[in-house]
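Notes follow once the structure below has been shown.
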Number of protein chains: 2
Amino acid sequence: MSLRSQGSKRRAAPESSAQTSPTFQQDGKVGMKEIAERAKVTKMTVSRALRTPDKVAPETLRRITAAMEEMGFVPNSLAGSLSARNSPIVPVIVPTMANSIFSDFIEEVSLTLDRAGFTPIFGCSNFDNEYEERLLIKYLGWQPSAIILTGASQTPRTRDFCQRSGLPVIQTWCLPEHPLGRVVGFSNYDMLYQITKALQGWGYRNIGFGFLNTPNNDRSRQRRLGWEVAVREGGDEPLHTRAQGGELSLEAGADILRGILGRHPDTKAIAFGSDVHAVGAVLECKRLGLRIPDDIAITGCGDMGLSSVVSPTLTTVRIPGRTIGRECATMVNLSVVGTYAGPSTVNVGFEIVRRESA
Amino acid sequence: MSLRSQGSKRRAAPESSAQTSPTFQQDGKVGMKEIAERAKVTKMTVSRALRTPDKVAPETLRRITAAMEEMGFVPNSLAGSLSARNSPIVPVIVPTMANSIFSDFIEEVSLTLDRAGFTPIFGCSNFDNEYEERLLIKYLGWQPSAIILTGASQTPRTRDFCQRSGLPVIQTWCLPEHPLGRVVGFSNYDMLYQITKALQGWGYRNIGFGFLNTPNNDRSRQRRLGWEVAVREGGDEPLHTRAQGGELSLEAGADILRGILGRHPDTKAIAFGSDVHAVGAVLECKRLGLRIPDDIAITGCGDMGLSSVVSPTLTTVRIPGRTIGRECATMVNLSVVGTYAGPSTVNVGFEIVRRESA
DNA sequence: CTGAAAGCGCTTACAG
DNA sequence: CTGAAAGCGCTTACAG
């Protein structure tokens with residue numbers, strides 16, 4: 001169970017230390033003890049200078065601050081957090097960091113949590129619930145202040161650990177039936193239900209659905225369900241569907257399009273569960289010589305950068321990633337302080353953006 | 001200097017603990033001491049079971065493992081790292097997480113470092129060197145194993161802290177003249193030099209340059225320099241330039257295009273320092289009724305997803321973000337173990353991708 | 001193969 | 001306003 005081969009951790013300083021400011025102590029670690037000695041106080045007072053400076057005499061504070069500056073002191077957060085039983089770490093687990101799907105969300109959580117004094121740790125589950133479980137347990141070891149998870153398809157073990165931790169847990173990018181704790185998200189069901197209804201309203205029939213079929217992905221399942229119900233309500237059978245397992249790429253979108261058209265040549269519109277697939281389908285239509293939206297209409301989900309760049313521009317559903325990020329961070333902050341008084345579920349909603357493709 | 005208002009950290013467990021597995025201990029923290037008691041050993045042996053299981057008697061190991069499983073034990077990494085003077089944390093500071101520019105890099109570093117047993121911490125400097133400094137110092141408090149930084153425009157104080165830390169420091173996305181430590185990157189100078197040369201080779205003259213002019217950004221500066229030299233070598237004066245301060249958006253790209261064409265209507269090509277700006281410019285050309293590449297040629301940098309989606313598709317320079325990420329992670333791993341024997345600078349290069357826009 | 005002692009660098013809770 | 005003592009939950013370095 002040893003994490004990795006341990007080697008000599010500290011390495012020799014780089015050859016040229018010519019640029020090192022001369023006031024810096026030249027060797028050895030500098031901790032509160034060293035600062036205390038230089039400032040002629042005990043480390044207790046140094047600690048106070050850092051956390052409650054108003055309880056330290058001005059002159060003493062000055063000496064301590066000077067000593068810290070001169071010696072390049074950085075307080076050891078490991079020791080601080082262990083001692084205070086309180087670490088600012090907040091793990092955020094997302095399915096992928098490579099796509100720009102979550103990138104606005106990620107940047108906003110990162111910035112907002114950082115400003116509030118927390119230290120976010122991002123982990124990438126690769127749409128794999130077991131991997132998510134492993135990451136969560138690893139992160140729990142850092143005694144975090146709260147936990148942010150994407151989606152609601154956690155393993156039972158993940159759920160157990162979350163609940164037993166007693167920490168504020170926030171699920172995001174979904175509206176789970178049985179939440180683990182608090183929620184900041186939107187209804188994936190409604191999203192596809194609404195866009196499918198919209199397509200029907202714009203006169204499209206035989207509406208297909210193309211999506212990413214990763215195992216136990218609640219968001220995909222919800223989206224599919226929304227599409228199905230809307231299609232049925234429109235008097236059709238939800239036949240024109242095609243999943244793609246795991247890959248979120250333009251090529252996968254093209255494959256899905258060909259798959260659906262191959263089995264159901266009468267398809268008049270395809271709602272995609274992701275902009276990435278939708279844009280891939282748009283490009284494939286151009287290669288196949290299909291006119292959009294006359295021969296076939298295409299819609300996406302996400303309103304990623306791609307959507308307004310592709311030609312014809314993509315009709316899609318905008319997910320307010322930045323808002324989700326900000327809300328999550330705020331919720332973490334208030335939950336930790338203990339003053340959170342808002343609802344346990346925040347629905348940020350979504351917005352249908354009609355462009356040229358449908 | 002207190003990081004944030006401290007409140008009650010532990011919160012009451014969620015109302016419904018119906019799903020909690022019954023074998024889990026119902027209250028109180030479970031540490032090595034608790035596991036030790038249950039397994040009838042001392043915590044020393046529990047510690048051994050975790051790190052050097054082969055030095056523990058099979059039957060003892062079984063009891064310990066069972067106890068850990070039953071009680072949902074998660075070792076406290078704060079204590080472990082403090083005690084071992086060795087934390088698996090590796091901060092990675094990037095200018096932005098919102099754009100997909102760095103997203104492949106980020107995901108790959110994340111995955112590779114995680115697999116090697118490290119815990120990457122991503123920070124977002126917003127193209128601000130002072131902010132980067134603040135982040136670095138904050139991260140240093142976690143006693144990291146190594147540091148990964150983007151670019152080479154660190155403040156003197158950042159450089160001091162890096163060097164004094166004695167840690168492996170990797171600069172990336174650049175090839176600095178005076179590196180802080182090791183480097184995994186490519187030449188930003190060459191990138192623009194080569195693409196400008198290529199444009200000349202394809203018959204374009206009066207080549208402009210559009211870029212993000214964030215203060216003290218070495219990568220922008222290098223790119224601009226490469227363009228300038230290539231233009232001069234082609235016998236022209238590098239006049240057709242226009243910077244944009246801070247914003248990496250399609251709109252900013254459109255602004256830059258209009259700015260250059262407004263002052264230099266004879267511009268025949270514009271090399272952009274970023275795909276985002278380039279794509280924005282392509283879209284603007286379409287709005288202005290300019291034909292690409294006949295009226296004006298456009299090139300980008302990065303080969304982001306957008307580039308192959310926009311029409312006409314973008315001629316650009318591919319930066320191997322995933323490779324950079326993997327190389328960085330490997331370098332960190334070997335440097336920490338102490339067996340890194342490769343060159344201190346790894347040049348991953350780049351590749352000109354010719355498409356329709358030039 | 002297992003354990004008792006000391007300590008990592010801080011903070012908490014108390015004295016003064 | 002400042003300090004001495006105890007302890008956070010582990011690991012190191014030694015004994016046995």
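Residue numbering restarts at 1 for every chain, and letters A, B, ... go by the order of the sequence lines.
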For atom [atom1] of [X] and atom [atom2] of [N], their distance in whole Å:
X: B/Met68; N: D/dC10; atom1: CE; atom2: C1'; result: 14 Å
X: B/Lys33; N: D/dT11; atom1: NZ; atom2: P; result: 16 Å
X: B/Trp142; N: C/dC10; atom1: CH2; atom2: C1'; result: 12 Å
X: B/Asn76; N: D/dG7; atom1: CG; atom2: C1'; result: 14 Å
X: A/Arg62; N: D/dC1; atom1: CZ; atom2: C1'; result: 17 Å
X: A/Asn86; N: D/dC8; atom1: CG; atom2: C1'; result: 12 Å
X: B/Arg85; N: C/dG7; atom1: CZ; atom2: P; result: 11 Å
X: B/Met32; N: D/dT11; atom1: CE; atom2: C1'; result: 8 Å

Would you tabulate the nitrogen or oxygen pairs shorter than 3.5 Å linking the protein to nucleotides 2-5 of chain D?
{"unit_1": "D/dT2", "atom_1": "OP1", "unit_2": "A/Thr60", "atom_2": "OG1", "d": "2.5"}
{"unit_1": "D/dT2", "atom_1": "OP2", "unit_2": "A/Ala57", "atom_2": "N", "d": "3.0"}
{"unit_1": "D/dG3", "atom_1": "OP2", "unit_2": "A/Thr42", "atom_2": "N", "d": "3.1"}
{"unit_1": "D/dG3", "atom_1": "OP2", "unit_2": "A/Thr42", "atom_2": "OG1", "d": "3.1"}
{"unit_1": "D/dG3", "atom_1": "OP2", "unit_2": "A/Thr45", "atom_2": "OG1", "d": "2.7"}
{"unit_1": "D/dG3", "atom_1": "N7", "unit_2": "A/Arg48", "atom_2": "NH1", "d": "3.4"}
{"unit_1": "D/dG3", "atom_1": "N7", "unit_2": "A/Arg48", "atom_2": "NH2", "d": "3.2"}
{"unit_1": "D/dG3", "atom_1": "O6", "unit_2": "A/Arg48", "atom_2": "NH2", "d": "2.4"}

*Nearest of D/dG9, D/dT11, D/dG7 to any side-chain atom of B/Leu82?*
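Nearest to the side chain of B/Leu82 among the choices is D/dG9.
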*B/Ala84 has a side chain; which of D/dT12, C/dC10, C/dT12 sits nearest to it?*
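Of all the options, the side chain of B/Ala84 is nearest to D/dT12.
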_Set of residues satisfying ring pair (Phe, Tyr, Trp, His ring centres under 6.0 Å) with respect to B/Phe127, sequence neighbours excluded_ =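 So B/Phe127 forms no ring pair (Phe, Tyr, Trp, His ring centres under 6.0 Å) with any residue.
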Holding to side-chain hydrogen bond (donor to acceptor under 3.5 Å, both in side chains), I want the full list of residues that pass it with [X], two or more places apart in sequence or in another chain.
X: B/Ser125; answer: none
X: A/Ser83; answer: none
X: A/Lys138; answer: B/Asp114
X: B/Arg63; answer: none

_Applying salt bridge (Lys or Arg N to Asp or Glu O under 4.0 Å), can you list everything that pairs with A/Glu132, at least two apart in sequence or on another chain?_
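A/Glu132: no salt bridge (Lys or Arg N to Asp or Glu O under 4.0 Å) contacts found.
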*Which residues pass the salt bridge (Lys or Arg N to Asp or Glu O under 4.0 Å) test with A/Glu327, sequence neighbours left out?*
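So A/Glu327 forms no salt bridge (Lys or Arg N to Asp or Glu O under 4.0 Å) with any residue.
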*Dot-bracket for DNA chain D: what is it, with Watson-Crick or G-U pairs under 3.5 Å, [ ] where a pair crosses earlier ones, and | for a pair to another strand?*
|||.||||||||.|||
*Closer than 4.0 Å, any side-chain N/O of A/Ser47 to the OP1 or OP2 of C/dC10?*
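Negative; the distance criterion is not met.
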*Examine C/dT11: is either OP1 or OP2 under 4.0 Å from a nitrogen or oxygen in the side chain of A/Arg51? Give yes or no.*
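Result: yes.
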*Without swapping roles, check the side chain of A/Gln171 against the backbone of A/Leu180 for a donor-acceptor pair under 3.5 Å.*
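Pair found, side chain donor or acceptor close to backbone of A/Leu180.
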_Criterion side-chain contact (heavy atoms from CB on, under 4.5 Å) on B/Gln154 and B/Leu136, from CA distance to verdict_ = CA-CA 10 Å; B/Gln154 285 77 27; B/Leu136 176 85; over 6 Å; no
